[in-house]
Amino acid sequence: GGAAVRPICGSCSDKLSCSIITQVISAVMVAASVAVGYVMMQAYGSATPEQYFPAFIGLFIVLFFASGVGNGSTFRTIGVIFDRQQAGPVLGWTSAIAAYGAFVAPIVIGNQIKSGTPQFAMYGFAVFYALCLVLNWWFYLRTNAYVKNP
């Protein structure tokens with residue numbers, strides 16, 4: 001899902017601002033994560049949880065799509081703000097962290113499903129995405145940003 005969208009977003013980031021795309025997509029990921037958590041909570045409390053499946057799958061598709069867009073814009077940002085010597089190691093480190101996240105997320109969700117509270121995993125992800133949104137704004141978009149990258 002997300003990996004297929006990444007190259008498309010990279011080319012969009014060439015035309016638009018990488019940081020603005022990252023900002024918007026982070027907000028989408030916050031909203032989608034909260035919405036998925038809410039839908040999961042409703043399904044767990046329902047006698048007919050299958051009625052929530054279309055909303056659940058639709059929101060997860062939005063989340064996967066958004067992760068691919070965010071991935072593409074983030075990697076493009078690295079190429080813009082770092083010189084050639086620094087960009088390679090930063091891209092490698094960022095790839096390693098991204099791979100770790102893809103390993104940890106299913107474990108966190110699985111553990112919360114076993115506990116009967118999968119919405120907590122999604123709310124936790126929403127908090128993480130909100131933190132990313134604030135950091136992106138602080139370092140790249142605010143008026144006196146460390147590296148202005150609008």
Side-chain angles (χ1 to χ4, degrees), residues 1-81 90-143 145-147 149-150:
V5 176
R6 183 176 169 224
I8 296 166
C9 183
S11 68
C12 289
S13 294
D14 289 341
K15 295 168 187 59
L16 304 169
S17 165
C18 306
S19 297
I20 291 173
I21 290 173
T22 301
Q23 193 74 1
V24 169
I25 216 64
S26 294
V28 169
M29 291 175 75
V30 168
S33 294
V34 169
V36 168
Y38 179 77
V39 167
M40 292 172 94
M41 183 179 66
Q42 295 300 310
Y44 263 71
S46 175
T48 56
E50 63 276 0
Q51 73 182 354
Y52 294 97
F53 186 73
F56 171 80
I57 199 74
L59 288 166
F60 249 101
I61 289 170
V62 167
L63 202 50
F64 288 143
F65 177 82
S67 72
V69 172
N71 187 291
S73 65
T74 298
F75 275 75
R76 180 69 184 122
T77 298
I78 291 168
V80 169
I81 64 173
V90 172
L91 285 169
W93 183 84
T94 304
S95 296
I97 296 300
Y100 182 72
F103 171 75
V104 170
I107 293 171
V108 170
I109 294 170
N111 286 339
Q112 289 302 307
I113 287 172
K114 287 178 188 172
S115 298
T117 55
Q119 71 273 14
F120 292 161
M122 300 312 299
Y123 297 154
F125 295 144
V127 169
F128 172 76
Y129 299 139
L131 177 63
C132 293
L133 189 140
V134 169
L135 289 173
N136 183 67
W137 170 80
W138 180 262
F139 285 101
Y140 305 117
L141 293 174
R142 70 185 170 94
T143 303
Y146 175 69
V147 176
N149 184 26

Notebook entry, point to check: From Trp137 CH2 over to Cys132 SG, what is the distance, rounded to the nearest 0.5 angstrom?
Noted result: 15.5 Å

Next item on the list: Using the side chain to side chain contact (heavy atoms under 4.5 Å, CB included) rule, take Phe125 and Ile109 through it: C-alpha gap first, then chi angles, then the decisive distance, then the call.
Entry: CA-CA 10 Å; Phe125 295 144; Ile109 294 170; 3.7 Å; yes

Notebook entry, point to check: How far does CD of Gln119 sit from CD1 of Ile113, to the nearest 0.5 angstrom?
Noted result: 10.5 Å

Next item on the list: Could you grab the distance from atom CZ of Arg76 to atom CD1 of Ile21, nearest 0.5 Å is fine?
Entry: 10.5 Å

Check: Are any side-chain N or O atoms of Thr48 and backbone N or O atoms of Glu50, one a donor and one an acceptor, separated by less than 3.5 Å?
Finding: no

Next item on the list: Indicate the atoms forming the closest heavy-atom contact of Pro118 with Tyr44, along with that distance.
Entry: CG-CE1, 3.5 Å

Next item on the list: Would you indicate whether Tyr52, at its atom OH, is surrounded by more than 12 heavy atoms from other residues, nucleotides or ligands within a distance under 6.0 Å?
Entry: yes

Margin query: If you count heavy atoms of other groups shown closer than 6.0 angstrom to OH of Tyr38, is the number above 12?
Written below: no

Checklist line | Nearest heavy atoms of Ala66 and Ile25, plus distance in Å | finding: O-CG1, 3.4 Å

Item checked: side chain to side chain contact (heavy atoms under 4.5 Å, CB included) between Phe65 and Val69, intermediate numbers included -> CA-CA 6 Å; Phe65 177 82; Val69 172; 3.7 Å; yes

Next item on the list: List the atom of Tyr123, the atom of Met41, and the distance in Å for their closest heavy-atom pair.
Entry: OH-CE, 4.2 Å

Check: How far does CG of Leu141 sit from CG of Leu135, to the nearest 0.5 angstrom?
Finding: 11.5 Å

Next item on the list: Return yes if some donor-acceptor pair links the side-chain N/O of Ser46 with the main-chain N/O of Ala43 below 3.5 Å, else return no.
Entry: no

Next item on the list: Evaluate the side chain to side chain contact (heavy atoms under 4.5 Å, CB included) criterion for residues Leu133 and Gln23: first the C-alpha distance (whole Å), next the side-chain angles of each, then the deciding distance (0.1 Å), finally the verdict.
Entry: CA-CA 6 Å; Leu133 189 140; Gln23 193 74 1; 3.4 Å; yes

Notebook entry, point to check: Where is the tightest heavy-atom contact between Ala126 and Val30, given as atom of each residue plus distance?
Noted result: O-CG2, 3.6 Å

Notebook entry, point to check: Looking only at heavy atoms, which two atoms of Leu59 and Ala32 are closest? And how far apart?
Noted result: O-CB, 4.4 Å

Check: Hey, what do you get for CG (Asn111) to CZ (Phe120), rounding to the nearest 0.5 Å?
Finding: 14.0 Å

Notebook entry, point to check: Which pair of heavy atoms, one from Ala121 and one from Val108, lies closest together, and at what distance?
Noted result: CB-CG1, 3.8 Å

Next item on the list: Given side chain to side chain contact (heavy atoms under 4.5 Å, CB included), test Tyr140 with Ile81 step by step and report yes or no.
Entry: CA-CA 10 Å; Tyr140 305 117; Ile81 64 173; 3.3 Å; yes

